[in-house]
Amino acid sequence: MSATSGISLRGVSKNYGNTIALAGIDLDIKPGEILGIAGPNGAGKSTLVRIIGGEERPSAGVLSFDGKPWSPADDWHAVAVVHQEPQLFPNLTVAQNVMAGREGTGRAWPKLRSADAAVMDVLGLAPWRDTALSDCSLATQQRTEIARAVARQARVFLFDEPNSALTAEESDELFREMHKLAGSGRMVVLITHRLNDLVSHCARVAVVRDGRVRTILSGEALTEEGLARQLVTESVQAAPADGRAAGAKSAKPLFSVRGWSHQTAFRGIDFDAHAGEIVALMGVEGSGARELLRSFAGLERTTGSIRLGETGDVGLRRLRSYVPATRTLSLYSNFSVGENLLVRLGVPEIAWPGLALKKGRMKLLAQSAVKRFLVKTGSISQPIRSLSGGNQQKVAIAQALNCSPELLVLEEPTRGVDIHSKGEIYRLLRDYAAGGKAVVIFCTEVLEIFEVADTAYVVSDGRLSPPLSSASYDHVEQLATDITRLEAHGRAPQAA
C-alpha cells in the first residue's frame with residue numbers, strides 16, 4: 001500500500017448560506033480498515049458523507065483520491081453510499097434495486113447475477129427479491145440499500161447509520177460483510193450514534209464537533225467511556241432530563257380500540273391510551289406491532305371499533321397526527337424550515353378566504369415553532385435539507401404537534417439521532433402528553449421505552465401482551481428481560 005493510497009481531506013469546508021456545516025475537516029481514510037465517525041447531530045457527519053460520495057461539492061478545501069484530486073465525474077463509481085434514509089426506487093423490486101445502476105443498456109432488466117443473489121441471501125433478502133420495494137418494511141428497504149452497496153465493485157463504502165432499523169442478528173450480518181470489505185482492501189466508513197458498534201468494529205474513530213475533527217481515538221484509547229467524554233459538550237451537559245417522570249393520566253381512556261383486527265398482521269386487539277400517557281408498542285419485524293401502530297393512524301385496513309375522545313370512526317382524521325419512521329416521508333425537501341413547520345396547519349390559520357397566504361402571520365408562527373420545538377436553525381428560510389438529522393426529526397414531529405391533535409402516533413421517533421436530540425424529543429413528547437393528549441409510539445429499542453414511555457405492550461404473533469408499567473422497573477435490564485420473553489413466547493412475564 002503506497003503512502004498516497006486512500007482518501008485525504010484537508011481543510012474541507014461546506015456552507016449553506018450563512019450556516020457552516022463543515023469548518024475545515026482534516027481526515028485520512030485508509031484502505032483495509034473500518035474508520036468510525038462519531039459526533040452529535042449537527043456536527044456535519046452526513047454532509048461529510050455526501051461530499052466524499054460526490055453528491056455535494058465542498059465550499060473550500062482539497063479532497064484527493066490515491067494522491068490525485070477527487071473528481072465526482074470520474075470517481076463516482078468508486079464510492080458506494082448507504083444513507084440513513086434509504087434512497088431507492090419504490091416502484092422497482094428488491095432485486096432490481098440491488099442491480100440499479102448496473103443493469104446495462106438492454107431494453108429488459110437482466111437476470112439477477114449469482115454474486116448479487118449471494119449478497120441478498122447473506123442479508124436475508126431472498127424471500128423479497130421479486131417484491132416491490134414500496135411493499136417492504138423499513139428494515140427490508142435498509143437491507144436492500146446495504147445489499148446494493150455491497151454488490152457494487154466499489155473501493156469506498158460509506159455507511160451512515162446503516163443498522164438503525166435492523167435487528168441484532170441483521171446487524172451482526174451487516175458487520176461481518178463490512179469486515180470482509182475492509183479485509184479485501186476496501187475503505188469502509190461507519191457513522192453511527194451507537195458507541196458500542198464503533199468500539200467493537202472500528203480501527204480508528206474520528207470525533208467530529210462543530211464541523212471539525214476534534215480528535216481521533218484508536219487502540220486502548222478507543223472505549224465507550226472515552227468516546228462519551230469526547231462527545232460531551234456544554235449543550236449535552238445542559239440537555240433536558242429524560243422523560244421517565246410519568247404524567248398524571250386520566251381515569252377514562254382518551255383513545256380506544258376494541259376487537260381491532262387486520263387481515264394478516266393482528267387480530268382481536270383491545271387497546272387503551274389515556275390523556276397524559278405515553279404508550280409504547282414493541283415487537284420484532286413480522287409481529288404485527290408496526291402495522292398496529294399504523295392502523296391507529298388510519299393507514300391500515302382494519303375491522304373493529306375505534307374511539308378518540310367522544311368521536312367514533314367519523315371525524316377521526318383531524319384529531320390524530322402520524323409521524324413515520326422515515327422522516328423524508330414527512331418533510332418537503334424543496335421547502336424551507338419554516339414552510340415545513342406549517343404544512344399541516346389548516347387554511348384559516350395561514351390563508352385568507354381567497355387563499356392568499358397570510359405571510360406575516362406565517363412568519364410569526366414559524367418563528368414561534370422553532371423556539372417551541374427546539375429546532376436548531378440559522379433562520380426559518382433555511383433549506384430543510386441543510387439541517388442535521390436530529391433537527392430534521394424535530395421538524396417532522398413539530399409538524400404533527402403544530403395542529404394540536406388529540407392523539408399523536410409516532411414510528412421510531414428518535415431513530416438515528418444523538419443523545420442530546422433524543423432528550424429534547426422525549427421532553428417534547430412528555431410536555432405534549434401532559435397537556436391532556438395521548439401519545440402512542442412504536443419503538444425498536446428497550447432503552448427508549450424505559451426512558452420515555454409510561455406503559456409498554458409487546459406484540460407477538462399478532463396479539464397484545466398485558467401492559468408493562470415502566471415505573472415498576474428500577475433498571476432497563478429488568479424491562480428488557482420481560483420484553484424479550486414476551487417477544488419470544490407471546491405471554492405475560494411470570495411473577496417473581
Side-chain angles (χ1 to χ4, degrees), residues 5-9 12 14 21-22 25-39 41 43-58 61 63-66 70-88 97-98 100-102 119 123 141-166 171 174-194 197-198 201-208 211 213 216 328 385 388-389 415-416 418:
S5 61
I7 293 176
S8 173
L9 298 95
V12 172
K14 180 63 179 179
L22 298 179
I25 289 281
D26 293 328
L27 185 65
D28 292 313
I29 304 173
K30 304 174 183 178
E33 71 171 15
I34 300 176
L35 171 69
I37 298 181
N41 278 100
K45 305 184 301 296
S46 294
T47 302
L48 180 61
V49 166
R50 291 194 295 270
I51 287 176
I52 297 173
E55 298 172 10
E56 294 198 26
R57 298 195 177 218
L63 178 66
S64 61
F65 196 166
D66 290 345
W70 166 256
S71 169
D74 297 331
D75 297 326
W76 66 270
H77 59 280
V79 181
V81 183
V82 176
H83 294 279
Q84 182 178 337
E85 305 293 346
Q87 297 188 7
L88 300 168
N97 269 284
V98 171
R102 299 178 292 116
V119 170
L123 293 173
Q141 292 181 29
Q142 202 155 23
R143 281 182 287 157
T144 300
E145 183 159 59
I146 292 166
R148 180 184 176 190
V150 173
R152 286 181 54 185
Q153 295 301 309
R155 289 191 54 206
V156 187
F157 291 84
L158 309 175
F159 294 89
D160 188 0
E161 298 285 354
N163 60 332
S164 60
L166 303 186
S171 292
L174 166 63
F175 286 120
R176 278 193 286 271
E177 289 299 311
M178 290 172 64
H179 282 287
K180 287 180 186 177
L181 291 169
S184 66
R186 265 85 163 189
M187 290 168 265
V188 180
V189 177
L190 170 64
I191 298 176
T192 181
H193 292 301
R194 300 182 180 186
D197 288 346
L198 292 168
H201 301 288
C202 298
R204 298 178 299 140
V205 175
V207 178
V208 179
V213 175
I216 296 179
T328 52
R385 60 184 177 273
S388 68
R415 185 173 72 90
D418 68 8

Taking all heavy atoms of [X] and all of [Y], pick out the closest pair and write down the distance.
| X | Y | result |
| --- | --- | --- |
| Val79 | Gly53 | CG1-CA, 3.8 Å |
| Pro31 | Gly6 | CD-CA, 4.0 Å |
| Val150 | Phe157 | CA-CE2, 3.9 Å |
| Ala182 | Val188 | N-CG2, 3.9 Å |
| Leu9 | Leu48 | CD2-CD1, 3.6 Å |
| Met178 | Leu190 | CE-CB, 3.9 Å |

Point-to-point distance, once rounded to the nearest 0.5 Å, from [atom1] of [X] to [atom2] of [Y]:
| X | Y | atom1 | atom2 | value |
| --- | --- | --- | --- | --- |
| Lys14 | Arg57 | NZ | CZ | 10.0 Å |
| Ile29 | Ile37 | CD1 | CD1 | 6.0 Å |
| Asn97 | Leu88 | CG | CG | 4.5 Å |
| Leu158 | Ile191 | CG | CD1 | 7.0 Å |
| Ile146 | Phe159 | CD1 | CZ | 7.0 Å |
| His179 | Leu174 | NE2 | CG | 9.5 Å |

Item to check | Side chain to side chain, Val12 and Ile51, heavy atoms closer than 4.5 Å | outcome: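 Yes, close enough: below the 4.5 Å cut-off.
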Checklist entry - Quick one: are Asp26 and Val213 in side-chain contact, heavy atoms under 4.5 Å? => result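 The answer is no; the side chains never approach within 4.5 Å.
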Checklist entry - Where the side chain of Glu33 meets the backbone of Cys202, is there a donor-acceptor pair that is under 3.5 Å apart? => result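 No.
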Next on the checklist: Main chain of Val208, side chain of Lys45: is a donor-acceptor contact present, judged purely on distance under 3.5 Å?
Outcome noted: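 A pair under 3.5 Å: no.
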Checklist entry - Once the angle between the rings of Phe175 and His201 is folded into 0 to 90°, is it parallel (under 30°), tilted (30 to 60°) or perpendicular (over 60°)? => result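 Phe175 vs His201 ring planes: parallel.
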Checklist entry - Testing Leu198, Leu27, Asp28, Ile7 for side chain to side chain contact (heavy atoms under 4.5 Å, CB included) with Leu35, which one passes? => result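 Going through Leu198, Leu27, Asp28, Ile7 one by one, the side chain to side chain contact (heavy atoms under 4.5 Å, CB included) with Leu35 is satisfied by Leu27 alone.
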Next on the checklist: Tell me every residue that passes side chain to side chain contact (heavy atoms under 4.5 Å, CB included) with Ser46, counting only those two or more places apart in sequence or in another chain.
Outcome noted: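 Only Arg50, Asp160 meet the side chain to side chain contact (heavy atoms under 4.5 Å, CB included) criterion with Ser46.
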Checklist entry - Who passes side chain to side chain contact (heavy atoms under 4.5 Å, CB included) against Arg385, sequence neighbours left out? => result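 If we apply the side chain to side chain contact (heavy atoms under 4.5 Å, CB included) test to Arg385, skipping adjacent residues, the hits are Pro383.
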Item to check | Arg186 vs Ser184, side chain to side chain donor-acceptor pair (under 3.5 Å): CA-CA, chis, key distance, verdict | outcome: CA-CA 6 Å; Arg186 265 85 163 189; Ser184 66; 2.9 Å; yes
Item to check | N-O pairing of Lys180 and Glu177 below 4.0 Å | outcome: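 Between Glu177 and Lys180 there is a salt bridge, with a charged N closer than 4.0 Å to a carboxylate O.
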Checklist entry - What pairs with Ser171 under side chain to side chain donor-acceptor pair (under 3.5 Å), at least two apart in sequence or on another chain? => result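 Per chain and number, Ser171 pairs via side chain to side chain donor-acceptor pair (under 3.5 Å) with Asn163.
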Item to check | Asp66 vs Arg155, side-chain contact (heavy atoms from CB on, under 4.5 Å): CA-CA, chis, key distance, verdict | outcome: CA-CA 11 Å; Asp66 290 345; Arg155 289 191 54 206; 2.6 Å; yes
